Participant: 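Quick one: structure below, then a few questions.
In this text, all values refer to a predicted model and were calculated from it rather than measured experimentally. Residue numbers start at 1 and run along the sequence shown.
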Amino acid sequence: MLSRLVLLSRRGYHSSKGVFGYRPRTPSSYQDIIVCTSLPLSSRTHDSITVAQTGVSAQVLEQRNRNSNAYRWIEAYRNHGHRMATINPVPFGDTSPATPPRELDPARYGLASGDRVDATGLLAAAAASQGVSELEEVLRTLYCGTCSIELAHIESEEEREWLIERYERLLTDRPLTDADRREIAELMLKSQAFDHFLAIKFPTVKRYGGEGAESMLAFYRELFRCAVEVAELRNIVIGMPHRGKLNVLTILFGTRPAKIFRKLKGHPEFPSDAKAMCDIASHFHTSTDISWKGRSFHLNMLHNPSHLEAVNPVSMGKTRAKQLALRDGPYGQEGSPQARSQALNVQVHGDAAFPGQGINQECLMMAEVPHFEVEGTIHLVVNNQVGFTTPADRGRSTRYVSDLAKAIMAPIVHVNADDPEALTYVTQLAVEYRQRFGKDFFIDLNCYRRWGHNELDDPTVTNPLLYGAIHSRPSIPDVYAQRLIERGILDRADVEAMSKSHQNVLTAELQAYEQYEPERSYFQQQWSGMEQPGNEVTAWNTGLDYRLLDHIGRASVSYPAEFNIHPHVKKTHVDGRLKRLTEGQRIDWATAEALAFGSLMYQGYNVRLSGEDIGRGTFAQRHAMLVDQRTNEIYIPLNDLTGGGPAAGRLELANSILSEEAVLGFEYGMAIDNPSTLVLWEAQFGDFFNGAQIIIDTFLVSGETKWMVCNGLVMLLPHGYDGAASEHSSCRLERFLQMTDSGEARPDGDDVNLQIVNPSTPAQYYHVLRRQMIRNFRKPLVVVAPKTLLRLSDCVSTHLDFAPGTYFRPVLPDDAVQDPKRIRRVVLCSGKHYYTLSQERKARQISDVALVRLESLCPFPVQALQDELARYTNAREFVWSQEEHRNMGAWTFVQPRFENMCERRIQYRGRPEAATVAVGVGPWHAKQTEDIVNTTFQ
């Protein structure tokens, strides 16, 4: 018996629908039950309320109280029901029913099983009046069945109310037809048949099949349906790991099985004219038009390396590039579902990788950041309940693999893979939510992995109980097919015919693989007109008439009359630039960059620069965006270059979150989609690139040779030894040089995987940026960027250095040499170090040493270097001088190439080998610098 009821006014506690509950004084008793009514506070009593006091009969009052308590009970199921949901298709160990959370006990809310409540308006699936027992059955079906939703972490009342309404109606209305169910069953049976076929025909191949997760086919099927019937999408961009990829590629994504079989037989996947080393089949991609019931959309599934989650920011960047090309979504009318972007990002995760890989947190933190948001991503976590061979309880510290999503208040629905129909409804909910709110949505698909990490692995060694449960149960397609047989939707002959039919298709494709001609899947659509370069060196004319450049430079520091500019920025940046432009003699680094950006925009190219505080620049040198000192409004002068005309390109300045890996992956995704945009990423300091090493290794430097995916991404890495110790001194130039495919005896040419330049003048920087876009091919570019050179008085260019006919010169001669025949020693150097040597040579009045600058390191400028060395006929000593340590910098790259190609011996001058890039004591740094200079000229 309940000892006491406390009645409170509805004014007392408010929630999303009016009232919310309480906590009992003791965990094990119900001494106090709060019953909420519409009574005024003056009517509160601990005993009884009479008809005379309230004007309401005791029966009506009791019913009102019961309905109020029923609402709190329903809310408890919405918030806690997932803890009792039957979402695990392979339970093992103690299979006794879990104790229901106390929050779900109706007695906690003063409700008995025989009571009747009016759930009108409280539960979409409930009848107007029904008993507590019947209502509990409905609630268990909705929130404790084969799928359940998590909502408690979502703060928005509008989103919660909308999600509750749609979730409850979708799961109770059951809109699927028998034809839909047969189609889902057929897709899953095809997936199973594909895995069985490969197991027989390719028994020693790691195929990372979809066995245990065949319900993914139901997800993609519904995604395609919603793309044309719900969201009217024009593009879907998918980032997906290995597991089940070959299944969906061949069954739903239009890839011929013959292509897969040809690769598994050991043949290349590209035509013979492609300069590519190829990759494994589980890294394949597709870019194709998908037709669904007479309507179509474009599908991109990206190449994905074995660092599985690394593809996620790439898919986001490519999606945003699609959205920019469509000019929809965040660039159109905001707040209207009809105006939502027609390009959708989809990410598929592994259960161990999603909580374990930090890049996922970075991606989520970008999800709603300006210049990085993609109007909502749909996430599918394929929850195998084991990572590699690690049990789930050793792979994370959270209840669910999806708990990371709560950081951005994304809805999460957990689904049992044995119920592909529930997954279908949830997929529709995900698409509808994204279309309405433009935010991320997570589906946690609880399944299993039948054969361990791969088909050659024995998972029972480390997970015997789990795999005992897996091996003792029928497959997911068989379970669903049997369910449809029992319901009279299919019969056994239908099931066998579906599997046999696909096996026959696969058999025919295997027989035809030798006749299969690899398709040319590159340089299509927006990449038409691009090509892979040859081995010749081409000097691209990037100079322009100075009258145009002067106009661009002045526009880069123009602002409206009413704009309240910072006084220091006005004096040093605006006035200083206008003076330099007028004189045309001392054009600095930031001005040259603005001229490069503006001139490309003038020609119709877009420019996107991202990084941390890139609008101002790490060293307060850029100021490409101005901030009104009274209103905080941002103004980008170059975007008014031609009065906003349609022919002008746009400058996008994307101040990023404090991330390297995800942000660089995002920019790579932008670059591979749009060759007409100059995409640049600037590290705050050069050494910060190592936070993005996975993206650099697996995408940037190897994407073209593995996948025939070109990109022109530019990395700006501030570099230079300035006494700043081991941090921020070096961009680890040696690592990038090691990652190039430039051989020691290979002739110089444009056909390298990675360009690396260390420009020493503003004009050289200007030319290399312009060259990046006007060429008919795209290669990633690493710019060893300056720090002290940004304001060094000697590091300037004249207007003649930008004139028509000028271009980026891979080798800069020594213009200070009066008589080349007097030169006895030629010192080769690069970048900032040149100015240190030049000043010392002048101070010592040395006239027999020439300083030759290597502006391009890769491609290595053999011909240009030989032409320059030919001037010094009497030179007998050749020296490479650098400020980096001997085991760092360009020395180990330059030495063999110089000696093999230029046929001369070369000596080293620089710091000795070290384990860290720079010393941490100022006098030691100064002494090392002095030693380098002395040994260079001795």
Participant: Kindly compute the distance separating CD (Gln772) from CZ (Phe777), expressed to the nearest 0.5 Å.
Facilitator: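 Result: 8.5 Å between the selected atoms.
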Participant: Between Glu509 and Ala258, is there a donor-acceptor pair closer than 3.5 Å when you use the side chain of the first and the backbone of the second?
Facilitator: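 At least one qualifying donor-acceptor pair exists.
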Participant: Can you tell me which residue among His283, His307, His303 is in a ring pair (Phe, Tyr, Trp, His ring centres under 6.0 Å) with His242?
Facilitator: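 The passing option is His283.
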Participant: Assess whether side-chain contact (heavy atoms from CB on, under 4.5 Å) is satisfied between Met708 and Ser521, documenting all intermediate values.
Facilitator: CA-CA 8 Å; Met708 287 298 295; Ser521 59; 6.0 Å; no
Participant: Which is it for Ser341 and Leu326 under the side-chain contact (heavy atoms from CB on, under 4.5 Å) test, yes or no, and what are the steps along the way?
Facilitator: CA-CA 8 Å; Ser341 169; Leu326 293 169; 5.5 Å; no
Participant: Before accepting this row, confirm whether a basic side-chain N of the pair Glu229/Arg225 lies closer than 4.0 Å to the acidic partner's carboxylate O.
Facilitator: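 A salt bridge is present here (some side-chain N lies under 4.0 Å from a carboxylate O).
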Participant: If only atom types and distance count, is the side chain of Arg897 paired as donor or acceptor with the main-chain N or O of Ser742 below 3.5 Å?
Facilitator: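 Yes, because the side chain of Arg897 sits within donor-acceptor range (under 3.5 Å) of the backbone of Ser742.
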Participant: Using a 6.0 Å cut-off, check whether atom NZ of Lys206 has over 12 heavy atoms from anything other than its own residue.
Facilitator: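 For Lys206, atom NZ is not crowded (no more than 12 foreign heavy atoms under 6.0 Å).
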Participant: Would a 4.5 Å heavy-atom cut-off, applied to side chains only, mark Arg234 and His298 as touching?
Facilitator: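 Counting from C-beta outward, Arg234 and His298 never come under 4.5 Å.
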Participant: Assess the residue pair Asn504 and Thr507 against the criterion (side-chain hydrogen bond (donor to acceptor under 3.5 Å, both in side chains)); give the C-alpha distance rounded to whole Å, side-chain angles, the decisive distance to 0.1 Å, and a yes or no.
Facilitator: CA-CA 5 Å; Asn504 292 339; Thr507 299; 5.3 Å; no
Participant: Taking all atoms of both residues into account, what is the closest heavy-atom pair of Ser215 and Leu423, and its distance?
Facilitator: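 Looks like O-CD2, 3.2 Å.
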Participant: Should we say atom CZ of Phe523 is surrounded by more than 12 heavy atoms from elsewhere, each under 6.0 Å from it?
Facilitator: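 Yes, because the 6.0 Å sphere around CZ of Phe523 holds more than 12 heavy atoms from other groups.
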Participant: Kindly indicate, with the supporting measurements, whether the criterion side-chain contact (heavy atoms from CB on, under 4.5 Å) is fulfilled by Leu233 and Gln435.
Facilitator: CA-CA 10 Å; Leu233 298 177; Gln435 289 304 105; 4.2 Å; yes
Participant: Could you check whether Phe893 and Phe736 have their ring centres less than 6.0 Å apart?
Facilitator: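 For Phe736 and Phe893, the ring centres are not under 6.0 Å apart.
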Participant: Is there a donor-acceptor contact under 3.5 Å from the side chain of Arg608 to the main chain of Glu652?
Facilitator: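 Side chain of Arg608 to backbone of Glu652, a donor-acceptor pair under 3.5 Å: no, none is there.
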Participant: Of all heavy-atom pairs between Phe808 and Arg771, which one has the smallest distance, and what is that distance?
Facilitator: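 Smallest interatomic distance, heavy atoms only, reads CD2-NH1, 3.5 Å.
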Participant: Rounded to the nearest 0.5 Å, how far does CG of Leu252 lie from CZ of Phe219?
Facilitator: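 Reported value, rounded in 0.5 Å steps: 11.5 Å.
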Participant: Please examine the side chains of Asn300 and Lys318, heavy atoms only from C-beta on, and report whether any two atoms are closer than 4.5 Å.
Facilitator: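 Yes; the side chains approach each other to less than 4.5 Å.
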Participant: Taking the six-membered ring for Trp, are Phe253 and Phe224 closer than 6.0 Å centroid to centroid?
Facilitator: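 Close enough - the centres of the two rings lie under 6.0 Å apart.
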Participant: Arg181 side chain to Leu176 main-chain N or O, any donor-acceptor pair under 3.5 Å?
Facilitator: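 Side chain of Arg181 to backbone of Leu176, a donor-acceptor pair under 3.5 Å: yes, one is there.
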Participant: Using the ring of Phe284 (Phe, Tyr or Trp, six-membered ring only), decide whether Lys245 places NZ or CZ under 6.0 Å from its centre and within 45 degrees of its axis.
Facilitator: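 No.
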Participant: Can Ser296 and Asp289 be said to form a side-chain hydrogen bond (donor to acceptor under 3.5 Å, both in side chains), step by step?
Facilitator: CA-CA 6 Å; Ser296 65; Asp289 290 326; 5.9 Å; no
Participant: May I ask you to check whether over 12 heavy atoms, not counting those of Gln515, lie within 6.0 Å of atom CD?
Facilitator: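 Counting other residues, nucleotides and ligands, CD of Gln515 exceeds 12 neighbours.
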Participant: State, yes or no, whether a side-chain contact exists between Phe372 and Val663 at a heavy-atom distance under 4.5 Å.
Facilitator: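 Yes, their side chains come closer than 4.5 Å.
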Participant: With side chains defined as the heavy atoms from C-beta onward, is the minimum distance between Phe689 and Ile696 less than 4.5 Å?
Facilitator: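 A side-chain contact under 4.5 Å exists here.
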Participant: Using modelled atom types and a 3.5 Å cut-off, is there a donor and acceptor pairing between side-chain atoms of Lys263 and backbone atoms of Pro268?
Facilitator: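 Between the backbone of Pro268 and the side chain of Lys263 there is no qualifying donor-acceptor contact (under 3.5 Å).
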Participant: Considering all heavy atoms of both residues, which atom of Ile694 and which atom of Thr698 are nearest to each other, and what is their separation?
Facilitator: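 Heavy atoms only, the tightest pair is O-OG1, 2.6 Å.
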Participant: Inspect the contact between Asp180 and Arg221 and indicate whether a charged nitrogen and a carboxylate oxygen are less than 4.0 angstrom apart.
Facilitator: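 Yes, this pair counts.
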Participant: What's the separation between atom CG in Leu189 and atom CZ in Phe194, rounded to the nearest 0.5 Å?
Facilitator: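 CZ of Phe194 is found 15.0 Å from CG of Leu189.
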Participant: Once you round to the nearest 0.5 Å, how far does CG of Leu299 lie from OG of Ser287?
Facilitator: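 If I round to the nearest 0.5 Å, the distance is 8.0 Å.
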Participant: So do the side chains of Trp540 and Val768 get within less than 4.5 Å of each other, counting heavy atoms only?
Facilitator: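 When only atoms from C-beta onward are counted, Val768 and Trp540 do not touch, as no gap falls below 4.5 Å.
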Participant: Would you please indicate if the ring centroids of Phe197 and His502 are separated by under 6.0 Å?
Facilitator: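 No, they do not, as the ring centres are separated by 6.0 Å or more.
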Participant: Report yes if the side chains of Gln526 and Met530 come closer than 4.5 Å at any heavy-atom pair, otherwise no.
Facilitator: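 Answer no - side chains too far apart.
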Participant: Using side-chain heavy atoms (C-beta onward) and a distance below 4.5 Å, is Cys858 in contact with Leu754?
Facilitator: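 Heavy-atom side-chain distance check fails, nothing below 4.5 Å.
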Participant: Between the main-chain N or O of Leu737 and the side-chain N or O of Thr740, is there a donor-acceptor pair closer than 3.5 Å?
Facilitator: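 Here the side-chain-to-backbone pair exists.
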Participant: Between Asp178 and Ile489 (side chain of the first, backbone of the second, donor and acceptor by atom type, cut-off under 3.5 Å), is there such a pair?
Facilitator: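 No, the answer is negative, given that no donor and acceptor are paired below the 3.5 Å cut-off.
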Participant: To the nearest 0.5 Å, tell me how far Arg243 CZ sits from Leu308 CG.
Facilitator: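 Here the rounded value is 12.0 Å.
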Participant: When you look at Gln755 and Asp750, which way does the side-chain hydrogen bond (donor to acceptor under 3.5 Å, both in side chains) test go after all the steps?
Facilitator: CA-CA 8 Å; Gln755 309 162 102; Asp750 293 322; over 6 Å; no
Participant: Please give me the minimum heavy-atom distance between Ala321 and Asp673, naming the atom from each residue.
Facilitator: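 Nearest pair, atom of Ala321 first, then Asp673: CB-OD2, 3.4 Å.
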Participant: With a 6.0 Å cut-off on the ring centroids, do Trp707 and Phe699 count as close?
Facilitator: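 Yes: the rings meet the under 6.0 Å criterion.
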Participant: Test side-chain contact (heavy atoms from CB on, under 4.5 Å) on Leu781 and Leu713 and set out the steps.
Facilitator: CA-CA 6 Å; Leu781 170 66; Leu713 178 65; over 6 Å; no
Participant: For a quick test of reading the model, state the closest non-hydrogen atom pair linking Glu269 to Asp279 and the distance between them.
Facilitator: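 Scanning both residues completely, I find the closest heavy atoms to be OE2-N, 3.1 Å.
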Participant: Spell out, as yes or no, whether a donor-acceptor pair under 3.5 Å connects the side chain of Asn606 to the backbone of Arg650.
Facilitator: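 Indeed, once roles are kept as given, a pair shorter than 3.5 Å links the two residues.
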Participant: Would Glu362 and Asn360 count as having a side-chain donor-acceptor pair, cut-off 3.5 Å?
Facilitator: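 The answer is no; no qualifying pair exists.
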Participant: Does any N or O in the side chain of Asp195 come within less than 3.5 Å of the main-chain N or O of Gly210, such that one atom is a donor and the other an acceptor?
Facilitator: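 Confirmed, Asp195 side chain pairs with Gly210 backbone.
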Participant: Rounded to the nearest 0.5 Å, what's the gap from CD on Glu214 to CD1 on Ile184? Could you check?
Facilitator: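 It comes to 14.0 Å.
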Participant: Is it true that a side-chain atom of Gln524 and a backbone atom of Arg520 form a donor plus acceptor pair closer than 3.5 Å?
Facilitator: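 Yes; at least one donor-acceptor contact below 3.5 Å.
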Participant: Mind listing the closest non-hydrogen atom pair of Ile695 and Ala310 along with its distance?
Facilitator: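 That would be CD1-O, 3.7 Å.
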Participant: Apply the test side-chain hydrogen bond (donor to acceptor under 3.5 Å, both in side chains) to residues Asn247 and Ser191: give CA-CA distance (whole Å), side-chain angles for both, the deciding distance (0.1 Å), then the verdict.
Facilitator: CA-CA 6 Å; Asn247 305 61; Ser191 180; 3.0 Å; yes
Participant: Is there a side-chain contact between Asp751 and Lys779, using heavy atoms and a 4.5 Å cut-off?
Facilitator: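 A side-chain contact exists here, since the closest heavy-atom pair is under 4.5 Å.
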Participant: Pick out which of Arg778, Gln532, Lys275 makes a side chain to side chain donor-acceptor pair (under 3.5 Å) with Glu704.
Facilitator: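 Testing each of Arg778, Gln532, Lys275 against Glu704, the sole residue satisfying side chain to side chain donor-acceptor pair (under 3.5 Å) is Gln532.
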